[in-house]
Amino acid sequence: MKPVIQLNQVHKRFTDKKVVQNLSFEIEKGSFVALLGPNGAGKTTTISMMLGLINQTSGQILLFGKKPEETAVKNRIGAMLQDVHLIDDLTVEELIDLFRHYYPKSLPLDYLLAVSDLQKSRKKIAHSLSGGQKRRLSFALSLAGDPDLLFLDEPTVGMDIISRQLFWDTVRKLKEQGKTIILTTHYLEEADKMADRIIMIDQGKLIVDGTPTELKKSTLGKSISFIVDQKTTTQKLYQFPGVTDVVWEGERVKLYSQDTDQLIRELINSHLKMKEIEISNSNLEEAFQHYVEKAKIS
Amino acid sequence: MSMFFAQCKAEFIRLLRRKKTWFTSLLLPTILYFVYDQSHGTGKFNGADISTYLLMAIACFGLVMTSVNTLSVQFADERKQGWTRLLKMTPLPNSYYLSAKIVSQFIINLSSLVFLFLIGAFTQGVELSLWQWISCTVWILLATIPFMTLGILIGTIRIVEIVQIISSLTMMLLSLLGGLLMPIQTLPHWLQKYAIWSPTYRLGQGAWDLIAGHSPHLQAVWILAGYAIIFIGLATFIIKRQEAI
Ligand SMILES: Nc1ncnc2c1ncn2[C@@H]1O[C@H](COP(=O)(O)OP(=O)(O)OP(=O)(O)O)[C@@H](O)[C@H]1O
Ligand SMILES: [Mg+2]
């Protein structure tokens, strides 16, 4: 079967600034891809090109095997853009209903109001909503046409914890239905939890492409950190079994190990005076830093 | 089709919710008409009663002012706000977006015209045959279309404040030139030669012809259609160029 998205040697230049360089990848149906990268990496630009909002300088972009500007493609995609722009003078439900009319098949109004938790605000003028509510409305609009391919550009910015939970619950269900989803976010734990593939870009170039697990292998592994008196030497800490690295951050020390369960037992038995202990699994954040730094050096 | 209908409905609701619409399409022309009519007394002008002549002039003036202003400012604002960007991602064709605006403005214009004509008939004693009332309404409505496309053209300048100034200024000048605010005969001779080519003059002329008992010149139709095509063609060209980033 054809991939849902195909990018082939895509370049984008704004006047003399190269924003996307030689980007090529394919995305299969049903996959959940997180597009990660520092500010200004070119994520929004890449998504805008895939949506047909701006043209690439060179290279080819195909969605469902067709050009992004074709109506047949637009019928099947939905997107939450990074900046929400809503028309004035229409209520929440009028706006959602208007969008429902744009698509050949659309989801019911009540469902859209429910997943964006806007039932109570349905009669409110869209412009008067709060920032987070506007974000949710924009989510409802992106789903109006029951899209097969959904783009989420920093979707949860400004959403409170409860909205965020509802949002991810809905997105998880969409994923289970076999929708293809492209996410950008700076909350890496979201990407870690949801994505089955991560594409990292920096300065418009692809730096790594893989599953979250693969990416995390690059890091030093799991760690235990705690505050300890300064007399404890690094050397002494290295003597605990399995410790691969010791990093001091002021009074706080961080011990890396593949087996943190064993290490914590040993540490407690050693009667070391530890305060404010934190155990953390290797996370995407470290992998992210690792790859971005590696890309800078090369 | 239901997509286009939904778009028209949304645009129409938006117009109705704006206080400015009510002010510029109902209140302003009415006040203007009363003031003008009081100061001109009674008599005949160009083969028609003065009150009737003024009614048509003010109706034309009111309609072109609001059409150009509303469309240009709305269009510029919605592009600046990124609303059109959001729409570009949906299957809604750009032509639907613009024509829905024109259709809704058309309905507002019709209401404004009917209201003003009722005022004229019932308070200022304007007397016309039913056929004349209807033909004037139809003429003025249709002849305002080029001005709507002019509004879209001006709206392609994306800075709302500038659009506001340019559209008001352009329409003020065009209305003066076309004799909507005072008869074209009061202009200097050299200017009159050009004034007869203005869309505003042709719009007014058609209505004045109708109240004087003959049909509008065919030439007026061609000139107005020509303007409509030029404006929309230019606007399309500019929009295409702006979007090719
Ligand atoms: N219309 C434009 N004209 C000129 N430069 C632009 C334009 N749009 C974006 N850029 C530049 O392109 C680069 C990439 O921008 P982009 O918005 O794609 O980054 P991003 O990865 O989405 O960043 P963020 O995480 O901050 O959203 C930035 O340096 C930005 O300044
Ligand atoms: Mg971005």
Side-chain angles (χ1 to χ4, degrees), chain A residues 12-15 19 45 47-57 63 68-91 93-106 125-127 137-138 141-142 144-145 147 149-151 153, chain B residues 1-25 70-71 73-101 103-105 108 155 158 160 239-245:
Chain A
K12 178 67 194 177
R13 233 185 2 241
F14 284 117
T15 53
V19 176
T45 307
I47 288 186
S48 304
M49 288 190 287
M50 293 196 258
L51 287 169
L53 296 176
I54 55 174
N55 298 325
Q56 62 267 33
T57 312
L63 269 59
E69 58 267 22
E70 285 185 42
T71 311
V73 172
K74 289 179 178 177
N75 282 338
R76 298 177 66 184
I77 61 175
M80 252 177 107
L81 301 179
Q82 187 169 7
D83 314 292
V84 197
H85 296 294
L86 299 168
I87 206 165
D88 46 359
D89 298 327
L90 282 184
T91 65
E93 70 181 353
E94 282 165 351
L95 200 51
I96 297 179
D97 208 39
L98 177 63
F99 265 62
R100 292 181 59 241
H101 280 90
Y102 293 161
Y103 299 90
K105 57 177 174 142
S106 58
I125 296 287
H127 233 58
L137 176 54
S138 151
L141 297 181
S142 74
L149 171 59
L150 184 63
F151 293 89
D153 196 354
Chain B
M1 203 56 216
S2 92
M3 188 197 314
F4 184 62
F5 185 72
Q7 186 70 16
C8 289
K9 192 177 128 197
E11 292 289 3
F12 187 62
I13 293 175
R14 293 181 61 211
L15 281 179
L16 285 186
R17 288 206 179 124
R18 300 171 77 201
K19 289 187 191 73
K20 204 175 144 194
T21 309
W22 295 90
F23 178 75
T24 53
S25 357
T70 315
L71 279 161
V73 172
Q74 252 198 8
F75 185 48
D77 194 42
E78 283 166 23
R79 293 180 88 203
K80 201 187 95 192
Q81 302 291 335
W83 168 248
T84 46
R85 200 174 145 84
L86 190 62
L87 289 183
K88 203 178 164 193
M89 201 183 77
T90 72
L92 181 81
N94 204 16
S95 57
Y96 278 27
Y97 162 73
L98 286 176
S99 38
K101 282 196 182 307
V103 169
S104 350
Q105 188 63 44
I108 297 284
R158 281 181 275 197
V160 178
I239 293 167
K240 284 251 159 65
R241 278 212 20 195
Q242 286 171 338
E243 283 183 355
I245 50 160

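Here the structure is a predicted model, which is why all the values come from computation and not from measurement. Quick note on labels: first sequence line is chain A, next is B, and so on, each numbered from 1.
The minimum heavy-atom distance between B/Arg17 and A/Asp89, with the atom names listed, is NH1-O, 2.9 Å. Smallest separation of non-hydrogen atoms from A/Tyr102 and B/Gln7: OH-OE1, 2.6 Å. Nearest heavy atoms, A/Leu98 versus B/Ala6: CD1-O, 3.5 Å. Heavy atoms only, all atoms of each residue included: B/Thr90 and A/Lys74 are closest at O-CD, 3.4 Å.
Heavy atoms of other residues, nucleotides or ligands lying less than 6.0 angstrom from NZ of A/Lys105 number more than 12.
Between chain A and the options B/Arg14, B/Lys9, B/Gln81, the largest number of non-hydrogen pairs under 4.5 Å is found for B/Arg14. Counting heavy-atom pairs closer than 4.5 Å to chain B, the top-ranked of the candidates A/Ile87, A/Val73, A/Leu95 is A/Ile87.
To the nearest 0.5 Å, atom OG of residue A/Ser48 and atom NZ of residue B/Lys88 are 10.0 Å apart. To the nearest 0.5 Å, atom CZ of residue B/Arg85 and atom CG of residue A/Leu53 are 5.0 Å apart. Going from atom NE2 of A/His101 over to atom CZ of B/Phe4 covers 14.0 Å, rounded to the nearest 0.5 Å.
Neither the backbone nor the side chain of A/Thr15 comes within less than 4.5 Å of any heavy atom in chain B. Heavy atoms closer than 4.5 Å to chain B are found in both the backbone and the side chain of A/Leu90. The contact between B/Leu87 and chain A is made entirely by side chain atoms (from C-beta outward), counting heavy-atom distances below 4.5 Å. In this structure, chain B has no heavy atom under 4.5 Å from any part of A/Thr57. Contact annotation for A/Asp97: neither backbone nor side-chain heavy atoms come within less than 4.5 Å of a heavy atom of chain B.
The shortest side-chain heavy-atom distance between B/Glu243 and A/Asn55 does not fall under the 4.5 Å cut-off. For the pair B/Leu92 and A/Phe99, the minimum side-chain heavy-atom distance is 4.5 Å or more.
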